[in-house]
Amino acid sequence: MAMKAANFIEPAVAAYAAAHTSPPDDLLAGLAEETHRLVGERITMQIAPEQGTLLTMLVRLIGAKRAVEVGTFTGYSSICIARGLPADGRLIACDVSEEWTAVARRYWEKAGVADRVELRLGPAADTLRAMPAEECFDFAFIDADKAGYPVYYEEILSRLRPGGLIAVDNTLQRGNITDPDAGGTVPGMREFNDLVARDPRVTSALLTIADGLTLIRKN
Ligand SMILES: C[S@@+](CC[C@H](N)C(=O)[O-])C[C@H]1O[C@@H](n2cnc3c(N)ncnc32)[C@H](O)[C@@H]1O
């Protein structure tokens, strides 16, 4: 099956790294298969399995209880985040697509995390802005329309506890991030990466996993 893969890492090395990362269970593998049947080549919208393993690990490592996700799609990343939360934890999942999140809802039930996940349908900028200023998150994952990243970042950062973590996907743009002639979403992502790198409110690390994943800790 086609998988989201970095094209800036030698394929054999990327495959080796994936093969030496704890693999997805049957439920996540089944979700990836079903999503592939549903959307074909757009399966690349789904996070890579090794990112899913990392998300669960990060959520557990920081002891997160309250999480928010921007860009749920068919639910892969939300399940990985929800599985890292304690039984009384809560994930707010934001997306605009009823069709895709219907699959996610089904898999939240199967995974036994439905009681931890609350879906908010609608443009995520509106959803986040409508949250009370005192809403407080420990963990956030941003993986939606790239033009919205600066707004999602600001709205989430202001509601993140100190020491909380934001993970942002696709920050290397398949390796095109350093190409000055690249168009599309690349220039906007470069601006976003620059904004984060010079933001004194946070400490960040851009990881060369999958399509680039930036980890941002609120100081
Ligand atoms: C790359 S996919 C997310 C993949 C998901 N994280 C996963 O692991 O399967 C991007 C998602 O963002 C959603 N999206 C696009 N624009 C949005 C917006 N303005 N507000 C909320 N969600 C949006 C799309 O419907 C799509 O499901």
Side-chain angles (χ1 to χ4, degrees), residues 1-6 18 21 23-25 27-59 67-85 91-108 110-111 113 117-131 139-156 165-174 184-186 188-189 192 209-215:
M1 186 205 305
M3 281 292 176
K4 185 185 273 187
T21 299
D25 64 3
L27 181 129
L28 286 173
L31 172 57
E33 292 290 345
E34 182 170 340
T35 304
H36 190 222
R37 282 196 301 277
L38 183 69
V39 302
E41 286 183 0
R42 298 180 82 185
I43 181 71
T44 55
M45 299 212 323
Q46 191 165 74
I47 59 163
E50 59 272 25
Q51 284 182 290
T53 302
L54 179 62
L55 286 179
T56 307
M57 194 187 290
L58 289 171
V59 170
V68 60
E69 169 181 84
V70 179
T72 295
F73 192 41
T74 58
Y76 197 107
S77 52
S78 59
I79 291 171
C80 297
I81 295 166
R83 281 177 165 176
L85 297 171
L91 168 65
I92 298 178
C94 307
D95 206 287
V96 285
S97 170
E98 270 201 78
E99 184 195 353
W100 288 333
T101 56
V103 179
R105 281 181 195 273
R106 204 155 32 79
Y107 275 83
W108 293 336
K110 281 194 197 190
V113 297
V117 187
E118 183 191 329
L119 177 64
R120 302 240 177 123
L121 274 178
D126 296 346
T127 304
L128 293 170
R129 285 187 183 123
M131 288 177 182
F139 183 85
F141 181 48
I142 301 177
D143 184 21
D145 56 309
K146 308 311 157 201
Y149 275 26
V151 171
Y152 306 149
Y153 175 65
E154 286 300 334
E155 294 298 327
I156 289 170
L165 194 69
I166 308 176
V168 184
D169 200 21
N170 308 113
T171 49
L172 288 176
Q173 296 283 286
R174 299 185 174 273
T185 53
V186 174
M189 189 62 82
F192 175 75
I209 183 173
D211 194 26
L213 181 77
T214 303
L215 301 185

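Both counts, for ligands and for their atoms, begin at 1 and track the order of listing. Numbering starts at 1 and runs along the sequence shown.
- Below 4.0 Å from some heavy atom of Ala124 lie the following atoms of ligand 1, by number and element: 18 (C), 20 (N), 21 (C).
- Judged as a ring pair (Phe, Tyr, Trp, His ring centres under 6.0 Å), and not counting sequence neighbours, the contacts of Phe73 are Trp100.
- Near Thr72, meaning under 4.0 Å from any of its heavy atoms, are these atoms of ligand 1: 5 (C), 7 (C), 9 (O).
- Using a 3.5 Å distance cut-off with no hydrogens or angles, the side chains of Thr74 and Glu34 do not pair a donor with an acceptor.
- Checking only distances, Asp143 does come within under 3.5 Å of ligand 1, N or O to N or O.
- By the 4.0 Å heavy-atom criterion, Pro123 is counted among the residues contacting ligand 1.
- On a distance-only criterion, Asp95 and ligand 1 share at least one N/O pair closer than 3.5 Å.
- Checked by distance only, ligand 1 and Met45 stay at 3.5 Å or farther apart across all their nitrogen or oxygen atoms.
- With ligand atoms numbered from 1 in the order given, ligand 1 contributes 18 (C), 19 (N), 20 (N) to contacts under 4.0 Å with heavy atoms of Tyr152.
- Using a 3.5 Å distance cut-off with no hydrogens or angles, the side chains of Asp143 and Tyr152 do not pair a donor with an acceptor.
- In the displayed structure, Arg106 atom CZ is contacted under 6.0 Å by more than 12 heavy atoms of other residues, nucleotides or ligands.
- Not a single N or O atom of Phe141, backbone or side chain, sits closer than 3.5 Å to an N or O atom of ligand 1.
- For Thr171, the side-chain hydrogen bond (donor to acceptor under 3.5 Å, both in side chains) partners at least two apart in sequence or on another chain are Thr214.
- Residues Phe141 and Ile81 approach most closely at CB-CD1, 3.7 Å, considering heavy atoms.
- Every atom of ligand 1 with a heavy atom of Trp100 under 4.0 Å away is listed here by number and element: 25 (O), 27 (O).
- Annotation for ligand 1: atoms under 4.0 Å from non-hydrogen atoms of Ser77 are 5 (C), 6 (N), 7 (C), 8 (O).
- Both tests hold for Lys110 against Tyr107: distance to the six-membered ring centre under 6.0 Å, angle to the ring axis within 45°.
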